[in-house]
Amino acid sequence: MRILVIEDEPKAGEYLKKGLTESGFVVDWVSTGIDGLHQAQSEAYDLIVLDVMLPVLNGWKVLEEIRKTQETPVLFLTARDQLEDRLKGFDLGADDYLVKPFAFAELIVRIRALLRRGPVREADHLVIGDLEIDVLKRRVTRSGIRIDLTAREFALLHLLAKRQGEVLSRSFIASNVWDMNFDSDTNVVDVAVRRLRAKVDDPYPSKLVHTVRGMGYLLEERQ
Amino acid sequence: MSLRRLPTLTARIVALFALTAMMTFAGIGTYLYQSLDAQLKLRDDHELLGKVDQLRYLLSQTPSVEAIQKDPHRFYDATGKHEGLIVVLQSSGGLELMRSGLPRSAVLPALSTTPADVEPDEEDLTSWKLDENASARVVAAWGKLQDQRSEVRIVLGRSDAELTTLLASYKKDVMFSMLAGIFLAVLLGYLVVSASLRPIRHIAAQARSISAQHLDKRLDASAAPGELQILVESFNAVLNRLQESFQRLSQFSADLAHDMRTPLNNLMMQTQVALSHPRSQEEYQALLGSNLEEYERLARMVESMLFLARADHAQIGMDWQKLDARNEMHRIAEYFEGVAEEKGVHCKVEAEEGVIVWADPVLFRRAVNNLMVNAIRYTPEGGTIHLRVTPGPDGQTISVINPGPGIDKAHLSRIFDRFYRVDRARTESASSTGLGLAIVHTIMKLHGGRAAVESEPNRFTSFMLLFPIQPDTVVVTGPMANNARDHAGVERNEASQK
């Protein structure tokens, strides 16, 4: 998957490139709108990450130009969290946005979501290592042994399993499991994950739920 | 502004003053002039008619026409030698016997002559144009000589040249006194107006001395005249509000600087210490992790402040919805279930079925969430937090009640202020932004409701949120409109895959 990053701030650009590369994407980073537009028009990308505040040719203009010729998904980054800005972005044909500062895990989640767009049938049976989840019957077993989970614990495990291998941020988890769509001063998610682990991981030698410090949690089988 | 308007007002009043004076003087002057004119003319007419009598009498003493011709001076003298008086005597045959006050060449106009036994009156007087500048009042009458038979025609006239001169000089006098009067009125008006407006200038001078550094100064209402008192009082009220906001703002900035300093200090110190010696990879990772916590705290702080700033400017679009209060309480209780259990604290929802709250769901949850965070923080182990829904006549009250140390009365009034902390030393600074309750307060204001607190030290603390039954704001439903819903975007993406 090729991603074009258009970001004028050197530190941000460098780390975006590094982070995205480490997440398995092929990344090109340009620091001006003109270069970005040229790059986007001359090469094929699966997604474009576009900073709005660019000197000379700003992000809106770049987006407008890109949309004249192609439908590549565009995720824009903005520090100005104004409603008009966001509406303008969507008006011009952006697919998603993130407000700076954002969690890197959040960016990855959104990029993956954009790349996956389209009708995706959700699996009703998930298997990660020896963990099996029957979504319809709401049954979880590990090594064939039934694990009893509360409704929210199941929702949390299901979310992690659907996105296995992806780091999910705390706010993403809070939003999707409890519908709490704001940053909170609490460690509710950490506690919930801890309790889930107590049931799903602790009794077993191989661990499936992993903490990525400062970013969030992910579910995957590690050797 | 007030400085610029002050002379305008004076000029306007003085101009009006002058206009009034001018109109009054002009009116009076014109009236006086015209009445004098009329009176003088009337007097002259009477005099003229009187002279007809005089001449008739003189004629009755005169024996013959020849006697007149012989001694015309008698008749001149009898007329009193008035300037501008015209006397012409003619015999019944048309022969001119004497002429005075009129050049020989002048031709008398045709006049009807009053018979000798009739007294002429005003009706018999005729105006006769002498030349371009002067005209005369003329009358003709028959007079009888001594013999009571022969008649002499008397033509008497009076030029108005003298009258015109008199009236012209009178007119000049009136005009002059009018101008003098107007000038005096303007002068007096100016003096009077500027004296009356002195309080305004005084107030302006007072207002000028008020600046950001001296916001405690007030205008002296007692020194202002009654009409200005209302103005002064409202100005003072504006100052009161400004001062309050200004103080809150500067306090806010100071608190903000202080609260940002703590995480920044942590970041700098731990990074500097870590860089001073080579460390193991684990130590670096721990440092970065710790740094990240501080960054997140700073980011949360900025986000909260933006939220508050935007709410202050009413830039938050509300997504009004009917919420089932009991469901919402259970949702919150469930959200905090794990954290509460770890602390050995219970959550109890006390709500009747079917109670509806009009609110923006994200903001509603955020407010109750903030209260719950505090409640869990301060509830001792084994305690129970009550989440209560109380329907009332004004709206529904959501209460979060927790046992614990409580809050001292002194702090209650300021508890919703930004960055206000009851006990700075004891707060877990790493997780708290000090803005939680300020956000609750702001959210309630956005809903047209209010947040209240009750507490008894060492017993309980109770936070109450009153949501009005029907929001008076227009019900807006639509796309999410504020940053509190940033993560709603994630939700959408999530939903799109299902």
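Just so we're on the same page: letters track the sequence lines, and every chain starts at 1.
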Undergrad: Test of understanding: with side-chain hydrogen bond (donor to acceptor under 3.5 Å, both in side chains), list the residues that count as partners of B/Glu341, not counting sequence neighbours.
TA: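 Per chain and number, B/Glu341 pairs via side-chain hydrogen bond (donor to acceptor under 3.5 Å, both in side chains) with A/Arg195.
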Undergrad: Out of curiosity, A/Phe182 CZ to B/Asn370 CG, how far, rounded to the nearest 0.5 Å?
TA: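 That separation rounds to 7.0 Å.
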Undergrad: Look at B/Ala299, B/Gly436, B/Ala340, B/Gly338 and state which one has the largest set of heavy-atom pairs under 4.5 Å with chain A.
TA: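 Counting heavy-atom pairs under 4.5 Å, the top option is B/Gly338.
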Undergrad: Do A/Arg152 and B/Glu337 meet the salt-bridge criterion of a basic N to acidic O distance under 4.0 Å?
TA: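 A salt bridge is absent here (no side-chain N lies under 4.0 Å from a carboxylate O).
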Undergrad: Less than 4.5 Å to any heavy atom of chain B: does that hold for the side chain of A/Asn187, its backbone, both, or neither?
TA: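 Interface part for A/Asn187: both.
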Undergrad: Testing the basics here: between A/Trp178 and B/Glu334, what is the closest heavy-atom pair and its distance to 0.1 Å?
TA: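 Minimum heavy-atom contact is NE1-O, 4.0 Å.
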Undergrad: Is A/Tyr204 atom OH crowded by more than 12 heavy atoms from other residues, nucleotides or ligands, each under 6.0 Å away?
TA: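 Yes - once you tally the heavy atoms of other residues, nucleotides and ligands closer than 6.0 Å, there are more than 12.
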Undergrad: Heavy-atom cut-off 4.5 Å, strictly under: side chain, backbone, both or neither for B/Ile376 against chain A?
TA: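 For B/Ile376, neither part sits under 4.5 Å from chain A.
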Undergrad: If the condition is ring-ring contact (aromatic ring centres under 6.0 Å, His included), which residues does A/Phe76 pass it with, not counting sequence neighbours?
TA: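 Expected list: A/Trp60, A/Tyr97.
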Undergrad: Locate the shortest heavy-atom distance separating A/Val191 from B/Val339; write the atom from each residue and the value.
TA: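 Taking every non-hydrogen atom into account, CG1-N, 3.5 Å.
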Undergrad: Please check if atom CZ in B/Arg261 has more than 12 non-hydrogen atoms from other residues, nucleotides or ligands closer than 6.0 Å.
TA: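 No - once you tally the heavy atoms of other residues, nucleotides and ligands closer than 6.0 Å, there are 12 at most.
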Undergrad: Which pair of heavy atoms, one from B/Leu292 and one from A/Met215, lies closest together, and at what distance?
TA: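 Looking at all heavy atoms of both residues, the closest pair is CD2-N, 4.3 Å.
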Undergrad: With a cut-off of 6.0 Å (strictly less than), are more than 12 heavy atoms of other residues, nucleotides or ligands near NZ of B/Lys343?
TA: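 Yes, NZ of B/Lys343 has more than 12 neighbouring heavy atoms, counting only those of other groups under 6.0 Å.
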Undergrad: When you measure from the side chain of B/Arg365 to the backbone of A/Asp179, do you find a donor-acceptor pair of N or O atoms at a distance under 3.5 Å?
TA: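 Looks like yes, one N/O pair under 3.5 Å.
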